[in-house]
2 protein chains.
Amino acid sequence: MATSIFIVDDHYMVIEGIRSLLQNEKGIEWTGHAMNAASCLAFLKKQQPDVILMDINLPDKNGIDLCKEVKEKYPSVFIIGLSTFNQQSFIRKMMENGASGYVLKNATQEELKEAIDAVIKGKVFLSEDVSQTLRKEETPNIVLTRREKEVLELIADGMTNIEIAQKLFISVTTVDTHRKNLLAKLEARNTASLVRIATQLHLI
Amino acid sequence: MATSIFIVDDHYMVIEGIRSLLQNEKGIEWTGHAMNAASCLAFLKKQQPDVILMDINLPDKNGIDLCKEVKEKYPSVFIIGLSTFNQQSFIRKMMENGASGYVLKNATQEELKEAIDAVIKGKVFLSEDVSQTLRKEETPNIVLTRREKEVLELIADGMTNIEIAQKLFISVTTVDTHRKNLLAKLEARNTASLVRIATQLHLI
DNA sequence: GAAAATATCCTGTTTTTACAGGATGGACAA
DNA sequence: TTGTCCATCCTGTAAAAACAGGATATTTTC
């Protein structure tokens, strides 16, 4: 029985590329595509493919959240993350949210086929580059609290501690404490590197 | 006579997608592809296509610089910029460096064909979204000097004025002046927003 | 060759951050 | 129930950045 495939990606060229790569593969059946999260969910209500290839960057919702939602509603569907970025934090979050694999957009036809074959058997598939990144970048998964994220956002917006304190109805010293903890958690030396690192980790 | 096309993009899926979109088009001849700037330049030494579709993000060199280099060496080749980002600064720089058009990766088959037809006739082609962005975002093209960029980088790296001064063999007050000018140019309130804005404008 | 842009330097003040080293109460889990 | 985590608050000091308001020499550009 053929494996049915569905694609979610907002780039027409990528959809077309994947379709072209897979169209001559035996045992793979193309069931359609969506260019945003909403139409993906709409499709799934009617029909569930075996595998979804899911881009991380979507116009209406990020792939990480969509992945979680899809897996909650349709646990039997296997999801393969798809993006241009070989970024540890993204990949980890995708896998945490139930994805079975992750490939980069520069993947070859063979790699893509291999990924689909693997996940359909219940295995986990990561591109060579991806698993290497996961091994190499031993970033111990930085977790910020709700409040810390809030403060971080406002810092990046250029607000001073005093302004942040007023905005959040807390003391300036509390803001300072959060700031201190942010610097420690992200191993930043000062505000500049804090914002830089936070940006690189896609925390803001 | 058929229009010959060459693609530079580091994503295999995108190359395949474009090829798939164009393969049945009459009057378009696919001459090949490169996945980095170096092999693009190597190809051009042997053969010059009519049109190059060129991604902005390449592993070895950015498309903006590559565009300039190609246009200097082979002025008769038309270049169409290609990227996922609908970003004013990128588009403007591409056009300044001699590109004849700019399309996004979510372009349709018709749009792509239209773009090729237009540039081959010497016209300028911009996707609807792209030209809208150019009109809307009236960001008066922020230009930083060599030194300012240098200082900006070091600030984002978390260095203090004193450290930057030592590194660049200049006075602390000079660094402070550059910093002042950076804040003014990027309309930032402080270091945090400076780094944020600089990141958003892809200056660092 | 003149004007504009760039890079350099200065004094001084105020504001903001960074850092040290705490404490307290509440929520939640083992 | 006894931790652990989180959010809150505190005092005090040192360092750094922001801001004002300059000046001067060297390139670059027209």
Side-chain angles (χ1 to χ4, degrees), chain A residues 93 96 139-201 203-204, chain B residues 68 72 89 92-93 96-98 139-201 203-204:
Chain A
K93 282 178 195 157
E96 277 170 12
T139 320
N141 207 17
I142 291 158
V143 179
L144 302 183
T145 67
R146 200 195 75 253
R147 207 50 155 174
E148 281 164 357
K149 275 182 208 159
E150 220 167 340
V151 172
L152 177 58
E153 288 276 5
L154 298 177
I155 289 171
D157 280 344
M159 291 175 74
T160 67
N161 287 348
I162 296 168
E163 289 167 343
I164 295 170
Q166 282 166 353
K167 170 134 191 169
L168 300 181
F169 302 106
I170 55 179
S171 158
V172 180
T173 61
T174 306
V175 178
D176 191 57
T177 305
H178 288 310
R179 196 177 200 126
K180 220 188 295 182
N181 294 334
L182 283 166
L183 288 173
K185 280 189 180 179
L186 301 195
E187 292 176 63
R189 300 182 60 193
N190 51 35
T191 305
S193 55
L194 178 70
V195 175
R196 220 286 168 87
I197 294 167
T199 308
Q200 286 172 341
L201 298 177
L203 295 172
I204 47 177
Chain B
K68 191 175 185 181
E72 277 168 4
S89 63
R92 200 162 286 178
K93 282 178 195 156
E96 278 170 11
N97 283 354
T139 320
N141 206 17
I142 292 158
V143 178
L144 301 184
T145 68
R146 201 195 76 252
R147 208 51 156 174
E148 281 164 356
K149 275 183 208 159
E150 219 167 341
V151 172
L152 177 59
E153 288 275 5
L154 298 176
I155 290 171
D157 280 345
M159 291 175 74
T160 67
N161 287 348
I162 297 168
E163 289 167 342
I164 295 169
Q166 283 166 353
K167 170 134 189 167
L168 300 181
F169 302 107
I170 54 178
S171 157
V172 180
T173 61
T174 306
V175 178
D176 192 58
T177 305
H178 287 310
R179 196 176 201 125
K180 222 187 294 182
N181 293 334
L182 283 167
L183 289 174
K185 280 190 181 181
L186 301 195
E187 292 176 63
R189 301 182 58 193
N190 51 34
T191 305
S193 55
L194 178 69
V195 175
R196 222 275 173 91
I197 294 168
T199 309
Q200 287 172 341
L201 298 177
L203 295 172
I204 47 176

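Proteins come first, then strands; the chains are lettered A, B, ... in the order of their sequence lines, and each starts at number 1. Both backbone and side-chain heavy atoms feed into the values below; hydrogens, waters and symmetry mates do not. Just so you know, these numbers come straight off a predicted model, no measurement behind them.
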The residue, Asn190(B) or Thr177(B), whose nearest nucleotide of DNA chain C is more 5′ is Thr177(B)
note: Glu148(B), atom CD; dA7(C), atom C1'; distance rounded to Å ~ 9 Å
- What nucleic acid atoms does Asp176(A) come within less than 4.0 Å of, heavy atoms only: base, sugar-phosphate, or nothing? base
Rounded to whole Å, CD of Glu163(B) lies from P of dA18(C) at a distance of 13 Å
Before you tell me yes or no, could you show the steps for Val151(B) and Leu168(B) under side-chain contact (heavy atoms from CB on, under 4.5 Å), namely the whole-Å CA-CA distance, both residues' side-chain angles and the distance that decides it to 0.1 Å? CA-CA 9 Å; Val151(B) 172; Leu168(B) 300 181; 4.0 Å; yes
field: Side-chain heavy atoms of Asp157(A) within contact of Arg196(B), under 4.5 Å
entry: yes
First and last nt of DNA chain D near chain B, cut-off under 4.0 Å to heavy atoms, 5' to 3', are dA16(D) to dG21(D)
Glu150(B) atom CD is separated from dT6(C) atom P, nearest whole Å, by 15 Å
**Q.** Within-4.5 Å side-chain heavy-atom neighbours: Val195(B) and Thr199(A)
**A.** no
When rounded to whole Å, the CD to P distance for the pair Glu187(A) and dA18(C) reads 16 Å
To the nearest angstrom, the CG-P distance between Asn161(B) and dT16(C) comes to 17 Å
*Report which part of the nucleic acid Thr160(B) touches: base, sugar-phosphate, or nothing (heavy-atom distance under 4.0 Å, all strands).*
sugar-phosphate
Separation of dT16(C) atom P from Arg179(B) atom CZ, nearest Å, is 15 Å
Rounded to whole Å, NE2 of His178(B) lies from P of dC9(C) at a distance of 8 Å
DNA chain D nearest-nucleotide lookup for Arg147(A) and Met159(B): closer to the 5′ end is Arg147(A)
Check this for me: does any side-chain nitrogen of one of Lys93(A) and Glu96(A) sit under 4.0 Å from a carboxylate oxygen of the other?
no
In whole angstroms, the gap separating C1' of dT15(C) from CG of Leu183(B) amounts to 14 Å
ask   = How about Lys185(A) and Leu144(A): do any of their side-chain heavy atoms sit closer than 4.5 Å?
value = yes
Counting the atoms with a prime plus P, OP1 and OP2 as sugar-phosphate, which does Thr174(B) contact under 4.0 Å by heavy atoms, base, sugar-phosphate, or nothing? base
Discussion item. Once you apply a heavy-atom cut-off of 4.0 Å, does Ser171(A) come out as touching a base, just sugar-phosphate, or nothing?
Written reply: sugar-phosphate
- request: Name the nucleic acid region contacted by Thr191(A), choosing base, sugar-phosphate or nothing; use a 4.0 angstrom heavy-atom cut-off, strictly under.
  value: sugar-phosphate
### Query
Heavy atoms, side chains only, cut-off 4.5 Å: are Leu154(B) and Glu163(B) in contact?
no
Notebook entry, point to check: Between Thr145(B) and dA7(C), is there a side-chain N or O to OP1/OP2 distance below 4.0 Å?
Noted result: yes
Exercise for the section: Please determine, by modelled atom types, if Ser193(A) and Asn190(A) share a side-chain donor-acceptor pair under 3.5 angstrom. Expected result: yes
Residue pair Ala192(B)/Lys180(B) against DNA chain D: nearer the 5' end by closest nucleotide is Ala192(B)
